[in-house]
Amino acid sequence: MFSDIPVSCNRDCGGSCALLARVEDGRVTRVVDNPAGGPYMEGCVRGYQMARVLYAPGRLLRPLLRTGPRGSGQFREAGWDEALDLVARRLAAIRDDHGAESILRLGGSGSCRGALHHTGELTARFLSMFGGYTETAGSYSSQAVSFVLPYVLGTRHAGIDAATLQDSQLIILWGANVADCRLGGETYRRVLEAKGRGAAVVAIDPRRTATVTQLSTCWLPVRPGTDSALMLAVLYVLFTQNLADLAFLARYAVGAAELERYVLGLADGQPKTPAWAAALCGTPVEQIEDFALLYGRTKPAALIPGLSIQRTLGGEEASRLAIALQTVAGNLGVCGGSSGANGLGALPGPKMGSLPVPAHPQPPSVPVYRWPDAILDGTRGGYARDIRAIYNVGGNYLVQGSDVHKNIRAFEAVEFAVTHDLFLTPTARYCDVVLPTTTFLERQDIVFAADNTVFFSNQASAPLGQARNDYDIFCGLADRLGFGPRYSEGKDEDAWLRSFVAASDVPDYEEFRRTGIHSGADQRRTAFADFISDPAAHPLGTPSGRVELLSSAYAVATGFPALPECHILQTGDDIPLRLVTPKSKYRVHSQHANIAWFNEHEPAALWIHPQDAAARGIAGGEAVLVTSPQGAVRIPARVTDDITPGVVCLLEGVWPVFAADGVDSAGSPNVLTSTEPTLPSQGSRTHSVLVQVSPA
Ligand SMILES: Nc1nc2c(c(=O)[nH]1)N[C@H]1C(S)=C(S)[C@@H](COP(=O)(O)OP(=O)(O)OC[C@H]3O[C@@H](n4cnc5c(=O)[nH]c(N)nc54)[C@H](O)[C@@H]3O)O[C@H]1N2
Ligand SMILES: Nc1nc2c(c(=O)[nH]1)N[C@H]1C(S)=C(S)[C@@H](COP(=O)(O)OP(=O)(O)OC[C@H]3O[C@@H](n4cnc5c(=O)[nH]c(N)nc54)[C@H](O)[C@@H]3O)O[C@H]1N2
Ligand SMILES: [Mo]
């Protein structure tokens, strides 16, 4: 006997796919697609293999209290009462002695799409009611593009509905590896279908990815962090070959003339020609020209940037130029086109309630990319507060934050640190108390998606061991700290979910639970369609009401140029190679890095081009030493022409293992990255890292 239970993956790939968990004798035996998701919705190996996470060796089943030095991994098991009493007492003491704002909230991708079990919002609600905290502001994912969007388009709701790719004649996946990263539950199959009916699909990436081999008709290799030069060269071809949509620009944009002047080199003496860009980007000049002509002549074209192009130094410029391209080519606001802004869930979906987080008072904050600097430098370094404690839920930032060595020093510098997690992650090892929590299979929730759908994720398994939901952990702490009823509002999980549905347009709670899916009315949402139909009646939220290719407001607010220019990191003699650290198909960031099955499918290795390997006397499979100013990694080389010369790649999310000489021997990329952000957004720049490689 078995039953198939609708669930949805509450993780961070932009998918939140509709899945079915098969339960036999109380155990989840497999996870597959839920047919109610329709023909385009497709899960991936990370969701299908979720039972391996649920039952993984090493799942935390009881609270742990640290007994040895931080990082030693020495803990003892404790009962829930002892652990929660200790956390409540220590938090209260820190609040009384130093102020609640000396507690820093950390955490990100653990469970981040749930209406109730959203690790960040549960924690923010708890700490707000506790008396305050310091927030980590912005995001690792999309800080640069989120920063520029209000200036250029007046809104962050600028994404693309995958269903509209049905109308696209050209799709450009610009640093968007949708085969491995999803970026929406339907994106992969929608692009595949477009290719099948003869649309051109261009992938622009330093690597020949699964997106290139499975979904694309053309691959443009590019050096990381140089997209702004490539974009300027495409603009050059559009402006000089009579392919710019001048009527569109006159009606919908400001700054086109100034942008054209800059592109033609009239402002600085440097025409941004394909030959100029080719030298910077490493992309052959004919390929740039051919692509620009194809782009200028094929309408509508959907330009879909990954978030990768903006996790670079100068990522703000690449984000602004992607929108400039779609405006100059006349694709913005057109069904089958796109705004050129990255679209991860960035269009309003079905109405649905969610856990309220008190909006007042606003907590002080530090840029998330700089959290270890904020701890180590505090108010002396210009940060909002001196940090004494860390409350981490749903993040493994010691690994995922840049500069692991610095992150370790930051954890060593605080008086008290708590984590809720499924596993004893490297971050958890540096905490005083580790509280075992549940996976999405062990609880129920409503889950938001990138497409115009919302999912009901049923409980498929009882919680393992003594694991508790994050919500219940916070209720237990709030009770001890005297605000239990305010935190829970007297509601259990089911009561919360019913209240969310009551505030939605889902007609029937039980039916929603049974099918696991509710679809919004408009399945072909087109951002800015109303602006395009009548710009006077529906102006953008920018000062001019139009697309600001040139933004004086941006220049005034930031001190950076009003036009998007191009800032490219120069390599040095001792650091001549550009490192990218993209996502692995088999992991969600650092999740699954501790589970053998996933690692066996993709052993960690440094991708290096045969030319770069030969110049260093490196053979495939041989151990190499990768060094940056921040640290060193020893790892086997994978010599392959799937990567552009001059570029190397380590997939992100590997837990570091330091050998006696201080070198990481697991292939953990953030040992090599730096917390120096891209400016002015203070965003992540994990794809702008310079390294040297030598035989180990
Ligand atoms: N070098 C490099 N670094 C990167 C990136 C990169 O591309 N390159 N990408 C960056 C990006 S975009 C992001 S978003 C960040 C992500 O950084 P993190 O948010 O640290 O990502 P994860 O490794 O997924 O960590 C999530 C943790 O939450 C736990 N967890 C899962 N579900 C739950 C739950 O329901 N409750 C609780 N309490 N815990 C849970 C998991 O076991 C895991 O330890 O990494 C950034 N770091
Ligand atoms: N499998 C998997 N999927 C995920 C996640 C995950 O952890 N695992 N995380 C999710 C999250 S939180 C986020 S934020 C998104 C992130 O999504 P992205 O940021 O788009 O993902 P990345 O894998 O970092 O990069 C995508 C592709 O861009 C290429 N690339 C790197 N640098 C550059 C560059 O400068 N220019 C160009 N043109 N290409 C470049 C990489 O080689 C890679 O193939 O992915 C989501 N999807
Ligand atoms: Mo992210």
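Note that the numbering runs from 1 along the sequence shown for the chain. Whatever order the structure lists them in is the order used to number ligands and atoms, beginning at 1.
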* Do the side-chain N and O atoms of R443 and T438 include a donor-acceptor pair separated by under 3.5 angstrom? -> yes
* To do: Could you list which atoms of ligand 2 come closer than 4.0 Å to a heavy atom of C13?
  => 10 (C), 46 (C), 47 (N)
* **N/O donor-acceptor pair under 3.5 Å between R311 side chain and S688 backbone** => no
* Residue pair E652, Q400: steps toward the side chain to side chain donor-acceptor pair (under 3.5 Å) verdict -> CA-CA 8 Å; E652 66 119 319; Q400 290 304 112; 2.6 Å; yes
* Sort and list the pairs that fulfil salt bridge (charged side-chain N to carboxylate O under 4.0 Å, His left out) and have at least one residue in residues 429-439, not counting sequence neighbours. => R66-D432, R70-D432
* Compile the protein residues with any heavy atom at a distance under 4.0 Å from an atom of ligand 1; present them by chain, then by number. => D12, G108, S109, G110, S111, T119, Y140, S141, R311, V393, G394, G395, N396, Y397, Q400, H420, D421, L422, T425, T437, T438, R443, D470, T581, K583, V588, H589, S590, Q591, E652, N670, T686
* Structure fact -> Smallest heavy-atom separation, A593 atom then N599 atom, equals O-ND2, 2.8 Å
* Asked: What atoms of ligand 2 come closer than 4.0 angstrom to any heavy atom of G225?
  -> 34 (C), 35 (O)
* Aromatic Y487 / basic R125 pairing, under 6.0 angstrom, 45° off normal -> yes
* R207 heavy atom under 4.0 Å from ligand 2 -> yes
* Structure fact -> In ligand 2, the atoms that come under 4.0 Å of a heavy atom of I309 are 36 (N), 37 (C), 38 (N)
* Criterion side chain to side chain donor-acceptor pair (under 3.5 Å) on R105 and T123, from CA distance to verdict -> CA-CA 7 Å; R105 187 191 77 77; T123 315; 5.1 Å; no
* Given the rule in the salt bridge (charged side-chain N to carboxylate O under 4.0 Å, His left out) test, do K406 and D373 qualify, once you have shown the distances and angles that lead to the verdict? -> CA-CA 8 Å; K406 188 187 274 185; D373 302 287; 2.5 Å; yes
* Atoms of ligand 2 less than 4.0 Å from R46 heavy atoms? -> 1 (N), 2 (C), 3 (N)
* Asked: What are the atoms of ligand 2, with element, lying closer than 4.0 Å to any heavy atom of W174?
  -> 38 (N)
* Could you establish whether R223 and ligand 2 come within less than 4.0 Å of each other, counting only heavy atoms on the residue side? => no
* Asked: Quick check: does G175 get an N/O under 3.5 Å from an N/O on ligand 2?
  -> yes
* Donor-acceptor pair between T640 and R207 side chains, under 3.5 angstrom -> no
* Those residues that, when tested against L280, pass side-chain contact (heavy atoms from CB on, under 4.5 Å) (two or more places apart) -> A229, W276, I568
* Numbered atoms and elements of ligand 2 in range of T209, under 4.0 angstrom, heavy atoms -> 44 (O)
* Asked: Looking at L173, I643, N177, which one forms a side-chain contact (heavy atoms from CB on, under 4.5 Å) with T209?
  -> N177
* Structure fact -> For D180, the atoms of ligand 2 under 4.0 Å from one of its heavy atoms are 1 (N), 2 (C), 3 (N)
* **T427: side-chain contact (heavy atoms from CB on, under 4.5 Å) partners, not counting sequence neighbours** => N392, N396, L398, F411, T419, T425
* Is there any N or O on G306 that sits under 3.5 Å from an N or O of ligand 2? -> no
* To do: With heavy atoms of T312 as the reference, note each atom of ligand 2 found under 4.0 Å away.
  => 35 (O)
